[in-house]
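Worksheet: one structure, shown below.
This chain uses plain numbering: 1 for the first residue, then up along the sequence.
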Amino acid sequence: MAPARSWIILALLLCAAPALAGGSPEVQLCLQHLKPSERERAEKQLGPLNELPLYRVQLDVDPTKREVTGKVQVEVLARKRTLSELFLRLTPNASGRKVTLSDAKLDGQPVALERPEPTLIRIPVNPPLEPGALAKLEVTLQASVPRGKANTGSLLAALGASGPPGDYGAFSAVPDFLSLVGIVPMMPPLNPDGTPWAGPSGIGDLALYEPSNVLATVTVPSGWQVHATGVAMGEVPEKTRGVRYSFAAALVRDFPVFVSRGYESVSKTVGDVTVESFYASRDAAVGKRVLQYTASALQTFESKLGALPYKHFRVVEAPLSDGAGGMEFQGLITVGTSLYRGAADPNSIFEGVKGMEMFQGMLEQMSALGGGQAGGAASPFAHIAKSIERTVEFTVAHEVGHQYFAGLVGTDPIKDPVADEALTQYAAVLYFEWAHGKAAAESLRQEALVAAYQMHRMMGGEDGPAQRPTEEFSSSVEYGAIVYGKAPLFYHSARKLVGDEAFFRGLRSYVDTYRYKWACVDCFRKELAKTSSGTSGALERLQSRWWKETHGDEDLGAPSLETLMGSSMGDMKLDPETMKLLEEMLGGMSGK
């Protein structure tokens, strides 16, 4: 347990906060995270920002023991209803009880903690909290961080596939990196009947919360560094306990924490946003390119979809597992180490992937027969390298797109994952169109969307509806193929139906209308219908076809390995026997 003096540092930071009108000094400290122009707009959407939930977080991390201890305080205002209970969500416990809360106090008085679900904590409020009243909950936290898995290789991520159910390394530790996503307990949104939204199912995203303000301090041993969303408030050396990092964040729907050793960084200013890229020293070359991709995506999206609220944006290299290419959080994204390594050395994509050693040997033989070196312009490795580099940029664009969907525009990632993932995936294609032209966008549409679905079918997977809760997908592979591959093409079809002018006007209207709010699974379609008279019925039928029905093979064409290979192999051709062998290998990878 951390000593009480941990809170003294927060108090000192508060004293240093500028004297701004309105709200508590703590909230004003958090609001430094926002662009000045965004505060007024946020208050119009949400009401007084000092009435949002306020989290005070104090963590001590021991990377060697993989242990975290600390305290979390939550202040919540009963705004529209009487509160007879509070809930906290701890997503790491979805795969085993690794985070424990204890010594709970509500308004200074001991209170019992109940655990109706592995990831859910219930706190009874007695007497109930009347509208307008404020409650302060404090809990002690202790966590044991599991060892991270070996990554399954960037090839699977590049193909849009994923591994077995889990959290993709969101809560895990490797020798020089700890990912502590979900360790900060947060209050889940509530259904109309007062019950909390569902927690993670092991497929797809973990959770999403109401816009909140966060003050956090995280102590790590000397030589380690902390990454989180928000304004970095400074680093304070401590005589016996390392270095304490402090952050203040506003209007965030989650609060990720990462701890690294041996990382470097580079930064760039984009308009009024400071963009920072953090990466392992050995990945410096790719880390610098990731900074450029992030800056480009931010600048492009802001020009088309409106300004993002934060003055700081970070991209962090993280050893994600099970085929994940990246993860999104407001004001911070992660990109998988396997993509950094794959971009630096295409051979690394074959590591740890069943059956790929044989395929690697085939490519080397093709290079030799073609008279070129493995990395030469005509080499299949050169085409693969270009494909991986596109995947890195596409992954960054996808995660930056999540700043809008479901960052600014909130949707339920467990019940309705298609609402944000499919639109974000298509937004990443749009980024390539805006930044690199229509030909590049069409290539990515085929490579990242159509190919993801067709690869799933070639591996023995079935078509299925996209509009369903994450728990109803049979695997992460099916989820990736249907939600990331097939479902985004609804937007492509809708764009053809209404025309570019109406489509982009509807997209911008959707962002502006639901900024900081919660949108429904049909809200984009309805907003788009307003921009194009007489298309409401046709748009509804299109959405049903792509999201609720199963016309994937009819709409996307019969899956063909030759077509799939063409996107990453350029003009290189494989003989019929090799193609047959590769088809058998795909079946082996799927276990069918």
Heavy-atom closest contact (Gly148 atom, Ser172 atom, distance): CA-CB, 3.7 Å
Nearest non-hydrogen partners of Tyr293 and Tyr431, listed with the distance: O-OH, 4.3 Å
Separation between CE of Met327 and CG of Leu332, rounded to the nearest 0.5 Å: 12.0 Å
Note, Tyr310 side chain near Val273 side chain (heavy atom, < 4.5 Å): no
Gln454 side-chain N/O to Leu556 backbone N/O, donor-acceptor pair under 3.5 Å: yes
Ionic contact status for Glu527 with Lys530, cut-off 4.0 Å: yes
Greater than 12 external heavy atoms within 6.0 Å of Gln299's CD: no
Minimum heavy-atom distance between Asp416 and Val521, given as atom pair plus value: CG-CB, 4.0 Å
Pairwise distance NZ(Lys268) to CD(Glu276) - rounded to 0.5 angstrom: 14.5 Å
Expected output: side-chain Ser443 to main-chain Ala439 donor-acceptor under 3.5 Å: no
Straight-line distance of Tyr514 OH to Gln45 CD, nearest 0.5 Å: 11.0 Å
Polar side-chain atom of Ser296 near backbone of Gln292 as donor-acceptor pair, under 3.5 Å: no
Side-chain heavy-atom pair Val270, Phe313 within 4.5 angstrom cut-off: no
Glu393 and Arg390 ion-paired at < 4.0 Å: no
Side-chain touch Glu389/Arg289, heavy atoms, less than 4.5 angstrom: yes
Polar side-chain atom of Ser509 near backbone of Arg505 as donor-acceptor pair, under 3.5 Å: no
Any donor-acceptor N/O pair, Thr300 side chain to Ala297 backbone, under 3.5 Å: no
Step-by-step side-chain contact (heavy atoms from CB on, under 4.5 Å) determination, Phe490 to Leu542: CA-CA 7 Å; Phe490 156 66; Leu542 266 184; 4.0 Å; yes
Asp205 and Glu421, any side-chain heavy atoms less than 4.5 Å apart: yes
Whether Arg314 side chain and Gly230 backbone form a donor-acceptor pair below 3.5 Å: yes
Non-hydrogen side-chain atoms of Phe301 and Leu308 separated by less than 4.5 Å: no
Closest contact, heavy atoms only, Ile333 versus Gln403: CG2-NE2, 3.7 Å
Side-chain donor or acceptor of Thr411 paired with backbone N/O of Ala519 under 3.5 Å: no
Which atom of Thr229 lies closest to which atom of Phe255, heavy atoms considered: O-CE1, 3.4 Å
His227 (side chain) donor-acceptor with Phe258 (main chain) under 3.5 angstrom: no
Pair Glu317, Thr337: side-chain N/O donor-acceptor within cut-off below 3.5 Å: yes
Worked check of side-chain contact (heavy atoms from CB on, under 4.5 Å) between Leu251 and Leu34: CA-CA 8 Å; Leu251 300 180; Leu34 301 181; 3.6 Å; yes
Phe405 and Phe524 aromatic centres sub-6.0 Å: no
Salt bridge flag under 4.0 Å for residues Lys311 and Asp272: no
Note, Val181 side chain near Asp254 side chain (heavy atom, < 4.5 Å): no
Point-to-point distance, once rounded to the nearest 0.5 Å, from CG of Leu539 to CG of Asp522: 11.5 Å
Intermediate values then yes/no, side-chain contact (heavy atoms from CB on, under 4.5 Å), Gln425 and Phe394: CA-CA 9 Å; Gln425 190 79 331; Phe394 186 82; 3.5 Å; yes
Short N-O contact, Glu433 and Arg445, less than 4.0 angstrom: no
Centroid-centroid distance, Phe177 to Tyr263, less than 6.0 Å: yes
Check: Gly464 main-chain N/O paired with Lys486 side-chain donor or acceptor under 3.5 Å: yes
Derivation of the salt bridge (charged side-chain N to carboxylate O under 4.0 Å, His left out) call for Lys288 and Glu264: CA-CA 10 Å; Lys288 292 173 182 177; Glu264 298 177 1; over 6 Å; no
Heavy-atom side-chain proximity of Arg515 to Arg41 below 4.5 angstrom: yes
salt_bridge(Arg545, Glu554) N-O dist < 4.0 Å: yes
Sub-4.5 Å side-chain heavy-atom contact between Tyr484 and Leu449: no
Stepwise side-chain contact (heavy atoms from CB on, under 4.5 Å) check, Tyr404 with Leu423: CA-CA 10 Å; Tyr404 295 89; Leu423 182 51; over 6 Å; no
Salt-bridge criterion met for Asp463 and Arg457 (N-O under 4.0 Å): no
Mutual orientation of the aromatic rings belonging to Phe503 and Tyr426 [parallel < 30°, tilted 30-60°, perpendicular > 60°]: perpendicular
Aromatic ring pairing His402/His398, orientation class (parallel under 30°, perpendicular over 60°, tilted between): perpendicular
Spacing of OH belonging to Tyr168 relative to CG belonging to Leu320, to within rounding of 0.5 Å: 11.0 Å
Pair Glu540 + Lys548, salt bridge at N-O below 4.0 Å: no
Under 3.5 Å: donor-acceptor pair, side chain of Gln330, backbone of Arg253: yes
Shortest non-hydrogen separation from Tyr479 to Gly204 and the atoms involved: CE2-CA, 3.6 Å
Spacing of Leu208 atom CG and Phe329 atom CZ [to the nearest 0.5 Å]: 11.0 Å
